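Computed from a predicted model, the values in this text were never measured in an experiment.
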Amino acid sequence: MARWPLCTLGSVIEETLLDAMEKMEKAVEHTQNQFGTVRTGRASPALVERLQVDYYGTHVPLQQLASISVPEARQLLIKPHDRNSLESVEKAIRDSDLGVSPNNDGISIRISLPELTEERRREYVKVVRNMAEDGRIAVRSIRRDARKSLEHAEKDGEFGEDDLERAEKELEQVTHEHVEHIDAALGRKEQELLEV
């Protein structure tokens with residue numbers, strides 16, 4: 001991530017840039033987490049851990065109700081901490097858009113992931129590209145808000161035009177770096193999806 005000489009920038013500029021950078025890092029992290037929910041040819045706990053399960057009338061993420069492991073390359077094993085929630089977990093998986101059939105043995109649930117067809121892989125690539133674009137939009141939106149904040153501070157006389165120009169260049173560089181992180185994560189995910 002970009003670093004700037006903090007001693008040469010005003011505290012308002014420094015705070016605005018640090019805040020924008022922090023928000024951008026969260027946007028990149030969120031986008032990468034979203035990528036994890038898209039199925040590849042291999043099993044991954046990220047596919048199911050955020051599924052919402054109706055647990056005694058409350059919607060709870062699956063990862064809070066069960067341990068999720070990968071005993072084989074294309075199989076997930078889900079062991080609920082409370083056996084009474086087994087049917088609710090199974091229903092949440094069946095109702096999800098994963099397109100898999102859970103096998104309930106009374107203690108745990110096994111999910112076998114079928115091979116992805118070429119057509120399905122291409123669909124998933126489109127999905128992750130949309131997720132990446134949403135991430136880029138979030139980063140640019142953060143840049144826009146930070147720029148407005150900097151412009152207001154400059155109009156209020158907290159620093160001069162030259163400082164504003166330097167700060168905007170720094171903000172642009174930080175934005176560019178975060179968009180590059182999203183693009184790199186997208187490239188890795190696409191490669192993973194298209195790998196047979």
Would a 4.5 Å heavy-atom cut-off, applied to side chains only, mark [X] and [Y] as touching?
X	Y	value
Met24	Arg143	yes
Ser88	Tyr55	no
Glu190	Arg129	yes
Arg147	Glu151	yes
Asn103	Ile111	no
Ser69	Leu76	no
Asn33	Arg50	yes
Met21	His178	yes

For the [atom1] atom of [X] and the [atom2] atom of [Y], what is their distance to the nearest 0.5 Å?
X	Y	atom1	atom2	value
His152	Thr16	NE2	OG1	11.5 Å
Ile182	His30	CD1	NE2	10.0 Å
His176	Asp183	NE2	CG	9.0 Å
Met131	Thr31	CE	OG1	9.5 Å
Ser101	Glu90	OG	CD	9.5 Å
Asp163	Glu170	CG	CD	13.0 Å

Quick one, Val174 with Leu17, criterion side-chain contact (heavy atoms from CB on, under 4.5 Å). Give me CA distance, side-chain angles, the key distance, then yes/no. CA-CA 9 Å; Val174 168; Leu17 291 176; 5.9 Å; no
Please find the pair of heavy atoms, one from [X] and one from [Y], that lie closest to each other, and give the distance.
X	Y	result
Leu51	Ala92	CD1-O, 4.3 Å
Ser108	Leu77	OG-CD1, 3.5 Å
Phe35	Leu186	CE1-N, 3.5 Å
Ala20	Ile142	O-CG2, 3.6 Å
Tyr56	Asn84	OH-CB, 3.5 Å
Ile13	Phe159	CG1-CE2, 3.5 Å

Got more than 12 heavy atoms from elsewhere within 6.0 Å of CD, Gln52? yes
State whether the number of non-hydrogen atoms from other residues, nucleotides or ligands found under 6.0 Å of Glu123 atom CD is greater than 12. yes
Show your working on salt bridge (charged side-chain N to carboxylate O under 4.0 Å, His left out) between Glu29 and Lys26 and close with a plain yes or no. CA-CA 5 Å; Glu29 189 177 307; Lys26 287 180 182 173; over 6 Å; no
Does the pair Lys155/Glu161 count as a salt bridge with the N-to-O cut at 4.0 Å? no
Quick one: do Glu192 and Lys189 make a salt bridge, cutoff under 4.0 Å? yes
Quick one: list whatever passes salt bridge (Lys or Arg N to Asp or Glu O under 4.0 Å) with [X], sequence neighbours left out.
X	value
Glu154	none
Lys91	Asp95
Asp19	Lys23

Test side-chain hydrogen bond (donor to acceptor under 3.5 Å, both in side chains) applied to Glu118 and Arg122, Arg121, Arg120, the passing residue: Arg122
Do the side chains of Ile78 and Val70 join up, straight or via other hydrophobic residues, at under 4.5 Å, putting them in one cluster? yes
Using modelled atom types only, decide if a donor and an acceptor are shared between the side chain of Asp156 and the backbone of Glu158 within a distance under 3.5 Å. no
Under 3.5 Å donor-acceptor, Ser149 side chain and Asp145 backbone: no
The side-chain contact (heavy atoms from CB on, under 4.5 Å) partner of Leu47 among Ile93, Leu113, Leu62 is Leu113
Do Gln75 and Arg110 pass the side chain to side chain donor-acceptor pair (under 3.5 Å) test, and can you show the C-alpha distance, the side-chain angles, and the key distance before you say yes or no? CA-CA 7 Å; Gln75 188 176 81; Arg110 287 187 187 275; 3.0 Å; yes
